[in-house]
Amino acid sequence: MPSIREAREAFRDALLPVYEIGEANQLTRIIFEDAFKLFDAQSSEPFVFGQYTDEFLTKLLAHVPVQYLMGKADFYGRKFIVDYRVLIPRQETEELVFEILQRVKSGQISPNARGLEIGTGSGCIASTLQLESPTLDIWACDISREALDVAEYSAAKLNAQVHFLQMDALDSNAWNPLPQFDFIVSNPPYIPYDERAQMDPGVIQNEPALALFVADDDPFIFYKTILDQGRKHLLAGGFIFFEINALRRQQMTLMMADFDDYEYEFKKDINGMDRMLICTRRKRAQMI
């Protein structure tokens with residue numbers, strides 16, 4: 001019977017036909033620590049391979065994301081519920097949340113501000129903002145009722161006070177009942193369908209296409225719609241925070257030429273990639 005250390009090594013080695021060594025080590029750590037509750041990687045205690053272990057291996061080799069296997073994902077120091085109904089939170093998105101919270105801390109955004117997230121998915125952005133700055137009035141919408149079920153469940157478990165609503169952000173009439181906001185945040189679908197072949201198979205096969213892809217002929221449709229609706233639903237001096245495709249900065253700069261009622265800047269993520277577009281609605285005096 002192998003020891004826990006030997007079992008971990010065998011599990012990792014079984015993943016190597018599909019994953020690079022670094023990722024295989026990370027997946028092994030997650031499975032052994034989070035699923036099996038075995039935290040000593042060097043333990044000589046015996047380990048019994050069983051059906052449970054084999055199921056994890058089979059699914060990981062089939063590119064099922066480990067977060068879906070565990071039913072949860074880490075985001076900003078918290079665990080959020082995730083499954084096939086929602087995208088898996090990414091580290092880059094934590095930087096978007098940090099950017100907003102820094103502006104609250106600095107006073108650029110009032111601690112009592114009202115914020116709206118478009119396309120909330122797992123709810124990780126909306127719930128994190130409210131939990132990190134509890135006086136914020138956070139609203140969050142998604143077109144998917146299934147996604148909202150996940151977001152609402154996580155928010156309840158974390159005791160996050162978020163107003164969730166089902167809404168198609170591309171339907172201009174759906175915006176009419178909404179109030180004005182101090183800021184809007186969105187990590188919208190932005191991947192053209194013709195880029196599918198370049199993507200990780202685990203993403204394509206498992207994560208919801210509705211939250212990932214846009215038509216090839218209009219990849220910026222969500223950005224343009226939100227900017228346009230911001231003219232009515234964003235207070236003067238308010239912000240829109242976008243996560244963007246890091247390879248499309250030049251095209252997004254051209255897009256912003258149609259929105260001269262906003263000042264804007266791009267910000268890089270921890271990897272030096274253009275990951276955020278931050279737009280500020282000009283005050284009337286600035287527009288004259």
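- Inter-residue side-chain proximity for Asp74 and Lys79 is flagged as met; some heavy-atom pair is nearer than 4.5 Å.
- Both Phe181 and Tyr262 are members of a single hydrophobic cluster when ILVMFWY side chains are connected at heavy-atom separations under 4.5 Å.
- The six-membered or imidazole ring of Phe56 lies away from that of Phe11, with a centre-to-centre distance of 6.0 Å or more.
- Residues Lys105 and Glu132 are not paired through a salt bridge, judged by the lack of any N-O separation under 4.0 Å between the basic side chain and the carboxylate.
- The pair Arg275-Glu95 fails the salt-bridge criterion, with no side-chain N (NZ, NE, NH1 or NH2) lying under 4.0 Å from an Asp/Glu carboxylate O.
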Check the pair Gln161 / Asn159 against side-chain hydrogen bond (donor to acceptor under 3.5 Å, both in side chains), numbers first and verdict last.
-> CA-CA 6 Å; Gln161 307 301 311; Asn159 198 29; 3.1 Å; yes
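- Salt bridge Lys224/Asp258: absent, no basic N to carboxylate O contact under 4.0 Å.
- Between Glu55 and Lys59 there is no salt bridge, since none of the side-chain N atoms of the basic residue sits less than 4.0 Å from a carboxylate O of the acidic one.
- Neither Ile88 nor Phe75 shares a network with the other; the hydrophobic side chains, linked directly or stepwise wherever heavy atoms of I, L, V, M, F, W or Y lie under 4.5 Å apart, form separate groups for each.
- Aromatic ring orientation, Trp175 versus His233: tilted (interplanar angle from 30° to 60°).
- Glu265 places none of its side-chain heavy atoms less than 4.5 Å from the side chain of Met276.
- A heavy-atom distance below 4.5 Å is not found between the side chains of Phe241 and Ile125.
- The CD atom of Gln229 sits 11.5 Å away from the CG atom of Leu234 when rounded to the nearest 0.5 Å.
- Hydrophobic clustering places Phe98 together with Leu158 (ILVMFWY residues linked when any side-chain heavy atoms are closer than 4.5 Å, directly or through intermediates).
- Looking at Glu263, its side chain never comes within 3.5 Å of a backbone N or O of Thr280 through a donor-acceptor pair.
- At distances below 3.5 Å, at least one donor-acceptor pair connects side-chain atoms of Glu6 with backbone N or O atoms of Ser3.
- The backbone N or O of Gly115 lies less than 3.5 Å from no partner atom in the side chain of Asp182, so there is not a single donor-acceptor pair.
- A cation-pi arrangement is not found for Arg248 relative to Tyr190, the charged atom failing to lie both closer than 6.0 Å to the ring centre and inside a 45° cone about the ring normal.
- Salt-bridge check for Glu152 with Arg145: passed, with a basic side-chain N closer than 4.0 Å to an acidic carboxylate O.
- Less than 6.0 angstrom separates the ring centroid of Phe36 from the ring centroid of Phe47.
- Residues Gln108 and Phe239 have side chains in contact (heavy-atom distance under 4.5 Å, counting atoms from C-beta outward).
- Distance alone, capped at 3.5 Å, places no donor-acceptor pair between the Arg249 side chain and the Asp274 backbone.
- Between Asn112 and Asp137, every side-chain heavy-atom pair lies at or beyond the 4.5 Å cut-off.
- At a threshold of 4.5 Å between non-hydrogen side-chain atoms, the residues Val66 and Ile31 count as touching.
- Proximity of Met167 to Leu178: side-chain heavy atoms (C-beta onward) are separated by under 4.5 Å at one or more points.
- Judged by distance alone, the side chain of Ser133 and the main-chain N or O of Leu129 form no donor-acceptor pair under 3.5 Å.
- Side chain of Ser154 to backbone of Ile81: a donor-acceptor contact under 3.5 angstrom is found.
- In this structure, the side chains of Ile240 and Leu227 come closer than 4.5 Å at one or more pairs of heavy atoms.
- How far NZ of Lys72 is from OG of Ser122: 15.0 Å, rounded to the nearest 0.5 Å.
- Neither Trp139 nor Phe183 shares a network with the other; the hydrophobic side chains, linked directly or stepwise wherever heavy atoms of I, L, V, M, F, W or Y lie under 4.5 Å apart, form separate groups for each.
- At least one donor-acceptor pair closer than 3.5 Å links the side chain of Gln130 to the backbone N or O of Pro134.
- In this structure, the side chain of Arg12 does not engage the main chain of Ile21 through any donor-acceptor pair within 3.5 Å.
- Grouping the Ile, Leu, Val, Met, Phe, Trp and Tyr side chains by contacts below 4.5 angstrom, directly or via other members, places Ile118 with Phe242.
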